[in-house]
Amino acid sequence: MNHIKRNITALALCIIALGTSAQTLTLKQCLALAADHSLTLKQADAQVERARVMQGTAWDLDRTELSLSQDPTSGGSPDNALALSQEIEFPTVYAARHSQLKAETKAEKSRRNVTLQQLHSDIASAYWQLVYCKERITILSAQDSVLTRYADLADKRYKAGEARQLEALTAARLERENAMELAAAKSDYAAGQQQLAALIGTDAAITPADNTLSALDYSPTDFSFASTAEGELARDRVAVADKALRVAKNGYAPSLSLALKNQLVISSWDPYHENRARYDGGNFMGFEVGIGIPLFFGATKAKVKAARSDRAIAQMEMQQQQLTQQTEYKAALTRYNTAFSRMQYYEQKGAASATEIARLATLEYENGEISYIEYVSALQESIDSQLKRADAINAYNQAVVALKRICGTAI
């Protein structure tokens, strides 16, 4: 008995030590803190910024070529010149590529919204689970006081010869079992604090500002895949595939080239002793414009065909995801309705009666009006009812968080 008490005391001191560096936050504050500290969200932001920067690569021109040509047999012709040449794609190629990169940036923003929605859901779930753990500690702590008093009274009655040893042993067993449940609840609470802190991205343990476990105010809404973050991301993926198809089709477009030439004669290099003097009118200037016409379309046709397949795959993935989320919504709605009915029962009937049962039973037992068997039964019924109520409310709150996540509703 004593070593159990010492273990519980040590655990409580550890939790108190954690609590000294803990932050007491509301759910709204937790979500706001996560916006600044969550590494998951920062990674998503970095992906968006990378996609935005990559838009600058749409206008990626080939290298500009600078060449010097000298023909010692051609005199002062343009064959002796400094030339600047540039190969470029057809303008529609760059426009199509830029459009694709913009679509990819938009898709990354949608992916970031999916990440944010999931993060908010995880934080809300962990937050209400922590409130539930706190409620369990409150219930078990109250019962610990009752059972400690009962064990002490039963032991005194046994020593005075007023009760059998079985009653004293039963009282001690109930006290030990409740103490172990309380220790487990405190351990779960400490673990939950660290889990919530990890989701937010902070080192300090989080203490929920809500001190009372209560049912969330929520009314189910109809499911619309198009209005969810996942639906937006799926549409953006199809849009990216559409733009990629357009880029592939631009493989049929010709390429362009432009060259500017300026006469430049190296007079000291004259192995054939030709008159390579410059024209009297000044350096000869010239230009050259060319167009590259694709004569073989096999590779381009294959790219276009592959791009069409990618677009069809993206469309099918969107349809499959819609079916999957509709199934998840129906399952979550069923869990919600079940949890709501159970929560209503314990809220309306179970809560007040459980506390009153424990109070009356304790009073009647101490006055000798009921036997210890009746008293033990009443205590077990009381604590069982209170714990079931807390469990029912937590199950309901978790069902609400899950439904909000699937429907894309703000947490």
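One-based numbering along the sequence shown. Computed from heavy atoms alone, side chains included, the values below leave out hydrogens, waters and symmetry copies.
Annotation: the span from Q47 atom CD to K109 atom NZ amounts to 14.5 Å, rounded to 0.5 Å. One distance of note links OG of S121 with CG of L116; it measures 11.0 Å at 0.5 Å rounding. Separation of atoms CG (L403) and OG1 (T221) is listed at 7.5 Å; rounding is to 0.5 Å. With values rounded to the nearest 0.5 angstrom, L199 atom CG is found 10.0 Å from Q118 atom CD. To the nearest 0.5 Å, the span separating OH on Y127 from CG on L27 amounts to 6.5 Å. Remark: F297 CZ to K303 NZ distance equals 13.0 Å, nearest 0.5 Å.
Counting all heavy atoms, side chain and backbone alike, A248 lies closest to T300 at O-CG2, 3.8 Å. When all heavy atoms of L256 and P91 are compared, the closest pair comes out as CD1-CD, 4.4 Å. Looking at every heavy atom in both residues, Y336 comes nearest to P220 through CE2-CG, 3.2 Å. When all heavy atoms of A226 and R235 are compared, the pair lying nearest together is O-NH1, 2.9 Å. A pairwise comparison of heavy atoms in S125 and V401 identifies N-CG1, 4.1 Å as the closest pair. D188 and C133 make their closest contact through CB-SG, 4.1 Å (heavy atoms, listed as atom of the first residue, atom of the second, distance).
Annotation: side chain of L82 is in contact with side chain of L66 (closest heavy-atom distance under 4.5 Å). In this structure, the side chains of Q23 and T202 come closer than 4.5 Å at one or more pairs of heavy atoms. Residues Y132 and I393 form no side-chain contact, since every pair of their non-hydrogen atoms from C-beta on lies 4.5 Å or further apart. Counting heavy atoms from C-beta on, the side chains of R342 and Y396 never come closer than 4.5 Å. Using a 4.5 Å cut-off on side-chain heavy atoms (C-beta onward), Y189 and P208 make contact. With a 4.5 Å cut-off on side-chain heavy atoms, N250 and F90 do not count as touching. Side-chain contact between R237 and E104 is absent, with no heavy atoms from C-beta onward closer than 4.5 Å. Taking the side chain as every heavy atom from C-beta outward, D210 and W128 approach each other to under 4.5 Å.
No side-chain N or O of S255 forms a donor-acceptor pair with one of E87 less than 3.5 Å apart. T212 and E135 share no side-chain donor-acceptor pair at under 3.5 Å.
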| query | After noting the C-alpha distance and the side-chain angles of L333 and N337, does the key distance pass the side chain to side chain contact (heavy atoms under 4.5 Å, CB included) rule? | reply | CA-CA 6 Å; L333 185 60; N337 289 330; 4.0 Å; yes
| field | Derivation and outcome, side chain to side chain contact (heavy atoms under 4.5 Å, CB included), residues I88 and D62 | value | CA-CA 7 Å; I88 62 173; D62 290 337; over 6 Å; no
| Candidate pair D242 and R246, rule salt bridge (Lys or Arg N to Asp or Glu O under 4.0 Å), full reasoning | CA-CA 6 Å; D242 283 333; R246 182 183 171 191; over 6 Å; no
| query | Would S69 and N80 count as a side chain to side chain contact (heavy atoms under 4.5 Å, CB included) if you check the C-alpha gap in whole Å, the side-chain angles of each, and the deciding distance to 0.1 Å? | reply | CA-CA 5 Å; S69 60; N80 301 290; 5.9 Å; no
| request: Evaluate the side chain to side chain contact (heavy atoms under 4.5 Å, CB included) criterion for residues L213 and K134: first the C-alpha distance (whole Å), next the side-chain angles of each, then the deciding distance (0.1 Å), finally the verdict. | output: CA-CA 8 Å; L213 180 65; K134 184 190 288 188; over 6 Å; no
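For E230 and R405, the salt-bridge test passes: some basic side-chain N is under 4.0 Å from an acidic carboxylate O. Salt-bridge check for R173 with E177: passed, with a basic side-chain N closer than 4.0 Å to an acidic carboxylate O. Salt bridge R52/E49: present, at least one basic N to carboxylate O contact under 4.0 Å.
At least one donor-acceptor pair under 3.5 Å links the side chain of H37 to the backbone N or O of L33. In this structure a side-chain-to-backbone donor-acceptor pair under 3.5 Å is missing from S99 to A95. Judged by distance alone, with hydrogens and angles left aside, the side-chain atoms of Q193 form a donor-acceptor pair with the main-chain N or O of I206 at under 3.5 Å. Of the possible donor and acceptor atoms, one in the side chain of T105 sits under 3.5 Å from a partner among the backbone N and O of L101. Judged purely by atom type and a 3.5 angstrom limit, N397 has no side-chain atom pairing as donor or acceptor with the backbone of Q129. Proximity of a side-chain donor or acceptor of S38 to a complementary backbone N or O of A35 within less than 3.5 Å is not detected. Although no hydrogens or angles enter the test, the distance criterion places no donor-acceptor pair under 3.5 Å between the side chain of S257 and the main chain of Q86. Panel note: side chain S187, backbone A183; no donor-acceptor pair is recorded below 3.5 Å. Here the side chain of Q29 pairs a donor or acceptor atom with the backbone of T26 at under 3.5 angstrom. Side-chain N or O atoms of Q117 include one that pairs as donor or acceptor with a backbone N or O of T409 at under 3.5 Å.
Within 6.0 Å of CD on Q43 lie no more than 12 heavy atoms contributed by other residues, nucleotides or ligands. For F287, the CZ atom sits in a loose shell: 12 or fewer heavy atoms of surrounding residues, nucleotides or ligands are nearer than 6.0 Å.
Of the residues listed (T115, L31, L41), the one engaging H120 in a side chain to side chain contact (heavy atoms under 4.5 Å, CB included) is L31, and it is the only one.
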